[in-house]
Structures are given as structure tokens and as C-alpha cells.
Protein chains: 2
Amino acid sequence: MKQYSIKDIAKLCNVSTATVSRVINNNGRFSEKTRQKVLDVIEQTGYKIDNNARSLRTNITFTIGILVPDIKNPFFADLVQKIEELLFTKNYSTIICNTDKNEQKEKAYLRMLENKKVDGIIVISGSYQHGFKFQSSLKEIPYICIDREPENFHNTVFISSNHYQGALDATNYLFQKGAKSPVVVVKKVSSSIKSRIDGFKESLKNHSLKFAKSRHELKLQSQSSFAKFLQKNPSTDSLFAVDDGIAMELLKYLKNLGYQVPQQIQVVGFDDVPAANIVTPKLTTIQQNTRKIAQTAVTSMMHAINKQNEKGSQFLIPTKLIIRETTK
Amino acid sequence: MKQYSIKDIAKLCNVSTATVSRVINNNGRFSEKTRQKVLDVIEQTGYKIDNNARSLRTNITFTIGILVPDIKNPFFADLVQKIEELLFTKNYSTIICNTDKNEQKEKAYLRMLENKKVDGIIVISGSYQHGFKFQSSLKEIPYICIDREPENFHNTVFISSNHYQGALDATNYLFQKGAKSPVVVVKKVSSSIKSRIDGFKESLKNHSLKFAKSRHELKLQSQSSFAKFLQKNPSTDSLFAVDDGIAMELLKYLKNLGYQVPQQIQVVGFDDVPAANIVTPKLTTIQQNTRKIAQTAVTSMMHAINKQNEKGSQFLIPTKLIIRETTK
DNA sequence: TTGAAAGCGCTAACAG
DNA sequence: CTGTTAGCGCTTTCAA
């Protein structure tokens with residue numbers, strides 16, 4: 001079966017291709033009669049517009065690229081899935097680029113996306129140290145940053161959970177449940193992790209504790225170094241793990257070392273990954289609102305594409321404390 | 001900064017666009033001198049080929065669509081990520097379509113992919129009851145099925161883990177560790193799950209046990225129905241859960257009901273999801289070789305695109321038993 | 001309200 | 001070995 005082109009449709013309708021195009025795009029004038037006719041013929045023939053040809057003319061591709069560090073991370077997977085879903089309802093298709101946190105790969109993907117003339121790029125990350133920079137050599141492609149600070153805020157929209165507030169809530173809850181001496185546990189520090197640490201510090205301040213790095217912050221390395229820390233700081237009664245991965249590692253160590261959770265030591269995490277609800281005891285944690293983040297990102301992207309400039313905007317999405325079993 | 005086109009390059013080189021095209025595609029003849037010249041100018045100008053225009057002529061888009069039921073499922077995420085990575089090294093970009101196990105969505109995506117003139121489609125799934133069917137109305141787009149049986153095997157390549165053998169290994173291991181009366185636990189049955197059940201049955205047969213559905217197969221619904229089953233069948237000493245999700249649910253129920261795992265009841269799962277290594281006790285399970293599956297899929301896809309026909313091929317990828325703590 | 005025609009950037013057949 | 005040219009399917013002036 002041959003593919004119908006706009007020419008065929010024009011011929012079948014006894015009009016010019018220009019008119020068909022106008023009807024399809026609902027742009028320009030035409031009589032109601034021709035409109036009906038054209039639409040009918042399109043229906044009958046099953047004509048499908050050729051996006052390639054259209055893009056060649058218009059430079060609009062109806063595709064968006066997403067840069068994501070690791071699609072296997074459940075938080076990212078969730079976010080990407082929701083963004084993709086939203087974009088699809090708006091007739092955009094999505095090219096997902098798994099950068100593996102590798103700068104070379106990221107660059108290669110960026111080149112590819114530029115080459116594909118995507119209409120926009122959404123950059124997701126929470127794991128980079130450096131800000132995101134993207135300077136297209138040619139056309140200016142709009143981009144949106146989620147959870148990764150752009151090098152220049154004025155060029156883009158920045159969306160992220162309110163990590164600071166989330167961490168503050170988490171730590172406050174620890175205090176509320178009787179904690180006297182909480183410690184924040186980290187591994188690698190990125191911009192969002194930094195906000196979480198800041199939230200933790202703020203809570204300490206609010207509870208008249210002076211933050212001392214050696215006393216209130218632990219860089220997690222191994223079970224033995226963790227054990228050593230606890231030995232040196234026996235008053236430690238609660239841990240705010242800066243993400244659920246760390247929290248679950250702590251849970252494992254605590255069990256091995258014979259500590260009771262939450263009776264002796266309370267633990268709270270961040271992210272609410274699926275496993276948080278599976279470990280024993282189930283992890284109290286901070287949930288990010290991926291739906292809201294996705295919606296904001298897509299809306300901003302649509303605005304950016306339509307030049308309804310929001311450049312320089314920042315959105316902070318509220319988080320939610322999920323209380324489970326690792327706190328009293 | 002203006003975008004260079006092949007015309008500009010041609011002009012700068014004092015050759016025709018045809019020659020530039022030939023050099024770019026390394027196809028046809030040209031002197032070493034012109035080749036150098038053209039390449040130099042391309043380098044200097046930063047000229048990038050316009051894929052859209054090229055596609056319009058050649059009908060080759062260098063994009064592949066992937067249909068996946070749920071990207072949040074770690075097994076699928078892993079698979080998709082690996083496929084995408086492999087395709088990228090071959091200069092293909094990937095459009096990931098999350099069908100949500102929704103037939104309407106699947107159809108909509110299929111239309112979109114057809115519309116985008118993708119060069120091929122990879123269909124992933126383990127959760128559909130019906131076979132996959134895709135009949136493009138226009139050009140024939142090759143497709144590959146992973147873990148989801150196509151309606152017509154002759155039209156495609158079918159790749160899947162050897163679920164049968166994996167289940168056989170799992171159950172045999174249970175017997176090896178002293179099981180006398182294993183039961184297979186299922187929820188929904190798909191084609192791959194069916195193979196797993198068959199493997200279980202085969203193992204029973206090999207150990208001179210006659211499979212009785214009421215005795216050796218449990219359709220998991222709730223903790224109470226599970227408890228009832230155990231009461232009715234007190235000799236049950238081992239469970240083969242048809243996937244890790246079910247296995248972990250069982251682990252939870254067993255703990256609640258006061259059974260010791262693995263001392264009283266052994267458990268083995270299937271898939272080796274990340275959480276399997278986090279629960280207590282850690283889950284013994286069957287690991288699928290996603291790397292191999294991805295490689296096979298991409299290779300087959302390349303063959304299909306190049307008409308090196310392998311249609312009708314089936315690949316069964318071996319699995320691996322991962323021994324952890326839920327077996328003796 | 002409609003049509004003719006140019007042209008987006010590229011490839012490929014044909015001619016030389 | 002290289003150039004000329006037609007045309008992929010569409011949009012968009014310009015003119016009617």
C-alpha cells in the first residue's frame with residue numbers, strides 16, 4: 001500500500017497542495033466546504049503528515065530530549081516516565097539520554113540532540129558537582145534544569161524539590177520524637193545534597209544545638225568507620241541520611257552492630273525509593289513530588305518553546321514526610 | 001551564527017554539493033585531494049549534516065522505538081538502558097515509549113513511531129496475555145520481541161530468557177537443599193510466567209513428585225489466604241515465587257506468621273531486582289542476563305534493518321542462580 | 001478564498 | 001572523478 005502525500009490529497013480534492021496544507025494546519029483561510037472535503041479525504045485515505053518534511057520546512061520537530069544520569073535510579077525513572085507521559089499527550093515525543101554521569105557521553109548526547117533539532121532539552125540530575133551549561137552553536141535550543149543547577153540561572157528555568165525544607169522537616173521530626181543528638185550522614189555532595197545538609201543545620205539551630213562537623217556530620221565509608229564514629233559519639237541517637245540508599249546502608253550496619261532501630265537510634269532518609277517500604281524496619285523518609293516536578297517541567301518547556309519567556313524562574317516543589325518504622 | 005548547509009560547503013570547496021555528499025557518506029568516488037579539502041572545510045565550519053533533510057530523501061531516520069510496559073520496573077529499566085546505550089554507539093537514537101500496559105496507549109505510540117518513520121521497533125514485555133501484533137499500514141517496519149511472544153513468529157525475532165530452565169534450576173536447588181514439598185506461587189500468568197511454571201513442574205517430575213495444582217500451586221492473594229494454604233498443607237517446606245515481587249511479599253507474610261526462613265520454609269524468587277539484595281533475609285533468586293538480551297536485541301535489529309533476514313529466529317538467553325539467604 | 005511556485009537540505013541517477 | 005539536476009513532502013509567500 002502506497003503512502004499518500006499531500007499531493008495525492010490535493011488531487012483527490014481538486015484543490016492545490018497549499019489549500020490542503022492550510023486545512024491541516026488550520027491556518028490561513030478556506031471555505032467550510034473545502035475544509036470538509038479535505039478532512040473527509042484525509043480520513044478515507046488514512047493520510048498521515050510527514051513530520052520529516054514538515055520539520056525540514058518549519059524547523060519544528062515536536063521532540064524533546066531528556067538528559068538523565070541514570071534511568072535505573074527509581075526516582076529518575078519515575079520522573080522521566082511522568083515527563084514522557086505528559087509530553088506525549090501534547091504530541092511531543094521524547095528522546096531519553098542516559099548520560100551515566102559521564103561528561104563525554106553527555107556531550108555526545110547534546111550534539112546528537114542538537115543535530116536532531118529537538119525543540120527543547122530537559123536536564124535532570126542531582127549528582128553533578130558542576131552546573132549545567134549548554135551553548136548551542138547554532139539555533140538557541142531552550143532547556144530546563146531539574147535538580148541540577150544551571151551555570152547561568154538567567155538562561156533557563158530551574159526546578160527542584162525543596163530539599164532544604166524537606167531536610168528541615170525530617171530533622172525536626174527527629175527532635176519531635178525525642179532526638180537529642182542527631183547526625184547527618186552523607187557520601188557525595190551535590191547541590192541538592194548541600195541544601196539537605198543546610199536544612200539539617202537549620203533544624204539544629206532551631207533546637208539550640210550548635211553544628212559541629214566532627215560531631216554532627218558523618219561521611220559514610222564503611223561499617224567499621226561507622227562503628228568507630230558511634231563509639232566516639234555514644235550519645236548519637238538519630239541519623240538523617242541524605243538519601244535512602246545511605247539510609248538503607250545504615251540500617252544494615254546498625255543491625256549488624258546490634259543496635260535497635262528506632263528504640264536506640266532513629267533513622268530518616270530522603271527520596272522514598274520503593275525499597276524504603278520493603279526493608280525492615282520500613283524507612284521513614286522524605287518523599288519528593290515527582291508528579292508536580294514533571295508537570296512544572298513540561299509546562300515551563302511549553303512556555304519556553306513558545307517564547308513566553310520565563311527565563312530565570314525557579315520553582316521549589318514541596319516535599320512530604322512519610323512516617324514509617326525507623327522513627328519512634 | 002548561521003547554520004552551514006551542504007551548499008555552503010560546496011561553494012567553499014569549489015565543488016558541487018553532490019561531491020560533498022559523496023565524501024560525507026563515503027560513497028561513490030572522489031579524489032583523495034577533494035576528500036581532504038571537504039573534510040577540512042567541514043571541520044573548520046563545524047558543519048553538521050541535517051538528518052531531517054537526509055531522512056526525507058533516504059527514508060532512513062536512525063531512530064529506533066522501544067515499547068516498554070513500565071520503565072519503573074527495575075528489570076525493564078536495566079534492559080532499556082542497555083539497549084539504548086548499545087544503539088547510541090551505533091549512532092541510533094532511541095524513543096522510549098512507556099505503554100503502561102495500556103492497549104490504547106500502545107496503539108497511539110505505534111502510530112507515532114510509524115509516523116516518525118523509525119527504522120525499527122523493539123517490543124519489551126512480560127506482562128501481556130496476548131501476543132504482539134504489528135502491521136504497519138505502509139512501509140514494513142521491522143520489529144523485535146523481547147519476552148513477549150509475537151503473534152506470528154515468522155515475522156520477527158523473539159528473544160527471551162530461558163525462563164523454563166531458570167525455574168528448573170531454582171526448583172532443583174530447592175530439592176538439593178532438602179525440600180520435599182515445594183510449591184510454586186503465582187499471581188498473573190503471562191507467557192514467560194507460564195514457562196517458569198513449566199520449569200517448576202519438570203523439576204517435580206524429575207524428583208518423582210506428581211504435580212497437583214491444589215497442592216503445588218498457589219495463586220497469591222492475601223496474607224490470610226496464604227496462611228490458610230499453609231494450614232491446609234503443613235508439609236510445605238519451600239516456595240518458588242514466580243517473580244521477586246511475589247517472593248518479597250511472601251517473605252513479609254512468613255515473618256508476620258512467625259515462620260523461620262529458610263529454616264522452616266525456603267524461598268526462591270526470579271529476576272534479581274535490586275531489592276532482593278536488601279530485604280532480610282536476602283533473597284535467593286534467578287538472575288536474567290540483561291546485557292546479553294540487550295546485545296542480542298540490538299544485533300538482531302541491525303540485521304533486520306539491513307535485510308539480513310533472521311526472521312523467525314528465537315533466542316533463549318541462559319539465566320543464573322544467585323544464592324543468598326532464603327535457602328539453606 | 002485559492003493556486004502557482006519557490007525552496008527547506010539532502011541524495012542519487014545520469015551524463016560527462 | 002565530478003557536476004547537473006530532479007525531487008523527497010511540506011509550508012509559505014505572492015499574486016490572483
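So you know, we letter chains A, B, ... as the sequences are listed, proteins then strands, and number each from 1.
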[X] near the nucleic acid: base, sugar-phosphate alone, or nothing, with a heavy-atom cut-off under 4.0 Å?
X: B:Thr34; value: sugar-phosphate
X: A:Ile24; value: nothing
X: B:Arg54; value: sugar-phosphate
X: B:Asn52; value: nothing
X: B:Asn51; value: nothing
X: B:Asn27; value: sugar-phosphate
X: A:Ser21; value: base

So, OP1 or OP2 of [N]: does either fall under 4.0 Å of a side-chain N or O from [X]?
X: B:Tyr47; N: C:dC10; result: yes
X: B:Thr58; N: C:dC10; result: no
X: B:Ser16; N: D:dG3; result: yes
X: A:Lys7; N: D:dG7; result: no
X: A:Thr17; N: D:dG9; result: no

Would you check if there is a donor-acceptor pair between the side chains of A:Thr296 and A:Thr299 at a distance under 3.5 Å?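 Absent: no donor and acceptor within the cut-off.
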Answer yes or no: is there a donor N or O on one side and an acceptor on the other, between the side chain of A:Asn25 and the main chain of A:Ser21, under 3.5 Å?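 Judged by distance alone, yes, a pair lies under 3.5 Å.
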Please check if the side chain of A:Ser5 supplies one atom and the backbone of A:Lys7 the other of a donor-acceptor pair under 3.5 Å.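 Present.
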So, does the side chain of A:Arg57 form a donor-acceptor pair with the base of C:dG9 at under 3.5 Å?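 Answer is no: no donor-acceptor pair is held.
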What's the CZ-P distance between B:Arg29 and C:dT11, to the nearest Å?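 Spelled out: CZ on B:Arg29 to P on C:dT11 is 19 Å.
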Going through the distances and angles, do A:Lys116 and A:Thr63 end up as a side-chain contact (heavy atoms from CB on, under 4.5 Å)? CA-CA 9 Å; A:Lys116 287 245 166 196; A:Thr63 45; 5.7 Å; no
Anything under 30° is parallel, anything over 60° is perpendicular, the rest tilted; go ahead and classify A:Tyr92 against A:Phe62.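 Judged by the thresholds at 30° and 60°, the geometry between A:Tyr92 and A:Phe62 is tilted.
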